[in-house]
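The figures here come from the full heavy-atom set of this structure, side chains too, leaving out hydrogens, waters and symmetry mates. Computed from a prediction, not measured in an experiment: that's the story for all the values here.
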Amino acid sequence: MTQVQSDGPLLSVKSLHHYFGPLAACRNVSFELRRGEILGIVGESGSGKTTLLRCLSGQLAPTSGEVLFASRRHGLTDIFALSEQDRRRISREEWGYVHQNPRDGLRMRVSGGANVAEPMMMNGTRHYGQMRALSLDWFARVELDTARIDNKPRTFSGGMQQRLQIARNLIHGPSLVFMDEPTGGLDVSVQARLLDLMRALVRDMGLAAIIVTHDIGVARLLADRLLVMKSGDVVEHGLTDQVLDDPQHGYTQLLVSSVLQI
Amino acid sequence: MTIANQSNRRAYNYAYLDEQTKRMVRRAILKAIAIPGYQVPFGSREMPVPYGWGTGGIQLTAAIIGPDDVYKCIDQGADDTTNAVSIRRFFARVADVATTERTQDASIIQTRHRIPEAPLGPGQIMVYQVPQPEPLRGLEPRETETRAMHAYEEYGLQYLSLYESVAAFGRIAGGAGYPVLVDERYLMSPSPIPKFDNPKLHQSEALHLFGAGREKRVYAVPPHTDVRSLDFEDYPFEVQSWDEVCGLCGCGESYKDEVILDDAGNRMFVCSDSAYCGDRRVAGHAGPMAGHALDGLATGDDNTDDDAAAVGIEA
């Protein structure tokens, strides 16, 4: 097992391109992410945000470029140079992936508690009592009613399902969490509570996170740094406050000024 | 006269399948034995019975059976149920083999739901009719994904079903088709046998072959192979047990079927393995309901069905 320098980058992306046939979904994306840092990726729909996230999380092999991740077992290595088995293990042990639609990220046929406990089983826990206790603990941490631990996810509201999904993606202590529009389908008040919750959890656990969103408010609240994408290109990259308060690129200016003010 | 030895007007090849098909099935069986618990794809054929009636098991039996074999077929442990009788007649006609109901005398035993109570010995072959060979299917619908899970030995998902069971019932309640790990490598569904029978697979002296006709898979547990039923550290694997003894033979250890006797709530428990129960009664054992009207039905040694009209086979 390679010792990882705690001050090195957790994730390092080098000139990543992805093409769907002639269509460029991501062009020349490079950045570094450190431990405990939260990166927001904003941009309009179709700008390549989700494709980028899928490349970073090992689900989609990029056309060219490298995605280096500092894993516990392999050190800082290109995840696409590893075998599929190792990549799946990293994904299972060290990552979380929060889908926009909780139905994509949950198993709808098993109970909420089983959904939350699943990553522990995947990583080798074989003690029911331990899993049960930790699931209950996480139900409480994401403000779900612990009495409903054995209910199926379909009996939960959209916001509760999303919290269930967040618990499920944090219970195994990942070092990096990918979030694809985590507040996408929720109404504004639920969004606000969920954002508070996520901010607290992510800060408490010292997680690094990459959050894809088209909601500037979400980015402002959660992200340390922002990556602004348009038509597959990164048009602006910097500290969140800097990008949002003093946008340089024309598209970013448009994006910031188009936020509805009440 | 059986179909198999009517050389002048032979309508079917020996054991129904053509030689090339049997060869293909045997190759799949050999591979399955070489990799215990691994599901080997094979070119399952259309059979003269519907899917779900044992097409996988029938094809395996047809591929391995020879004129010297003694064939036994059970359904829910009983030799005298419709499906068991029909399949036994089928092989008596097309393969010209002797049939038996005694487990000890059989060289090939075809089954769906049970492993016989009598211990299996070296040289015996169990053939299982499997409806769903993939133990992970209920939790993961994608075949590509379950194949990757088997390849990389990622079996954490199977524990989800155990977790759900403990959460709902306070114990691991799954009664049949209870998942096992074969040779500490491949996760396997032991067909819908009750978990009562799972320990019989562990270090068994017999060869166990599993055939799924619709799903086109063959897998095997060779003799003397470790088979471990999955469980939790704090909820260890347990088999079913009954407070009652068999009403007919008085056996306390066997797997019991509950039989409703009337509308007044009377019922009895009898051994699900009819041949085992019959043997015990012949040997003089008697249960609390010995002499009941049902007693006579199961004891008769009805082994003369060779010439009876079989399942739609006409030469």
Side-chain angles (χ1 to χ4, degrees), chain A residues 58-60 73 82-95 97 103-136 138-139 146-155 164 167-168 171-172, chain B residues 35 38 132 134-174 177-182 184-187 189 195 198 226-238:
Chain A
Q59 297 171 32
L60 186 66
R73 287 172 192 269
L82 293 170
S83 68
E84 189 188 7
Q85 185 171 16
D86 288 332
R87 195 158 58 242
R88 285 170 69 105
R89 187 183 286 138
I90 289 176
S91 163
R92 196 165 68 228
E93 292 178 350
E94 302 189 45
W95 292 347
Y97 194 104
R103 282 162 189 272
D104 295 337
L106 295 173
R107 290 188 193 279
M108 301 305 282
R109 293 172 67 177
V110 298
S111 69
N115 266 289
V116 174
E118 184 191 334
M120 301 181 67
M121 296 181 218
M122 289 298 210
N123 289 318
T125 308
R126 298 288 179 261
H127 192 285
Y128 175 82
Q130 286 170 7
M131 289 190 286
R132 186 75 172 177
L134 202 60
S135 300
L136 282 165
W138 270 95
F139 255 64
T146 49
R148 296 195 61 184
I149 188 165
D150 291 329
N151 292 11
K152 296 275 194 293
R154 70 181 140 76
T155 67
L164 198 60
R168 167 191 164 89
I171 192 169
H172 57 299
Chain B
I35 317 172
Y38 173 73
Q132 175 51 266
E134 179 51 72
L136 296 160
R137 181 64 68 235
L139 296 154
E140 176 51 69
R142 290 168 294 178
E143 173 71 13
T144 49
E145 187 65 16
T146 51
R147 282 200 203 181
M149 288 171 166
H150 284 295
Y152 302 142
E153 224 179 325
E154 296 174 0
Y155 292 140
L157 187 64
Q158 187 67 60
Y159 287 86
L160 261 190
S161 61
L162 305 186
Y163 175 100
E164 282 292 84
S165 184
V166 177
F169 305 112
R171 65 193 168 87
I172 300 175
Y178 192 100
V180 294
L181 200 62
V182 179
E184 291 299 314
R185 176 59 185 87
Y186 280 100
L187 183 68
S189 164
K195 64 181 173 183
N198 277 14
D226 283 346
V227 176
R228 177 167 66 83
S229 302
L230 300 189
D231 58 4
F232 287 125
E233 289 159 16
D234 47 345
Y235 286 88
F237 174 75
E238 288 173 345

Minimal heavy-atom distance between A/R109 and B/G138, with the atoms involved, is NH1-O, 3.7 Å
On a heavy-atom basis, the closest approach of A/A114 and B/L160 is O-CD2, 3.3 Å
Heavy-atom closest pair (B/G156 atom, A/R126 atom, distance to 0.1 Å) is CA-NH2, 4.0 Å
One should read off an interatomic distance between A/M121 CE and B/S161 OG, to the nearest 0.5 angstrom, of 9.0 Å
Turns out that what part of B/Y235 lies under 4.5 Å from chain A's heavy atoms comes down to side chain
Q.
Would you say CD of B/E238 has more than 12 non-hydrogen atoms from neighbouring residues, nucleotides or ligands within 6.0 angstrom?
A. no
Any side-chain donor paired with an acceptor under 3.5 Å for A/E118 and B/Y163?
no
Minimal heavy-atom distance between A/R107 and B/L139, with the atoms involved, is NH1-O, 3.0 Å
- Query: Hey, does the side chain of B/D234 reach the backbone of A/H127 with a donor-acceptor pair shorter than 3.5 angstrom?
  - Reply: no
**Request:** If the plane angle is over 60° it's perpendicular, under 30° parallel, otherwise tilted; pick one for B/F232 and A/Y128.
**Result:** tilted
With a cut-off of 6.0 Å (strictly less than), are more than 12 heavy atoms of other residues, nucleotides or ligands near CZ of A/R148? yes
Scored by heavy-atom pairs under 4.5 Å with chain B, the best of A/R89, A/M120, A/M122 is A/M122
- Would you say B/E164's side chain and A/S111's backbone share a donor-acceptor pair under 3.5 angstrom? yes
Output for pair (B/E154 CD, A/Q85 CD), nearest 0.5 Å, gives 7.0 Å
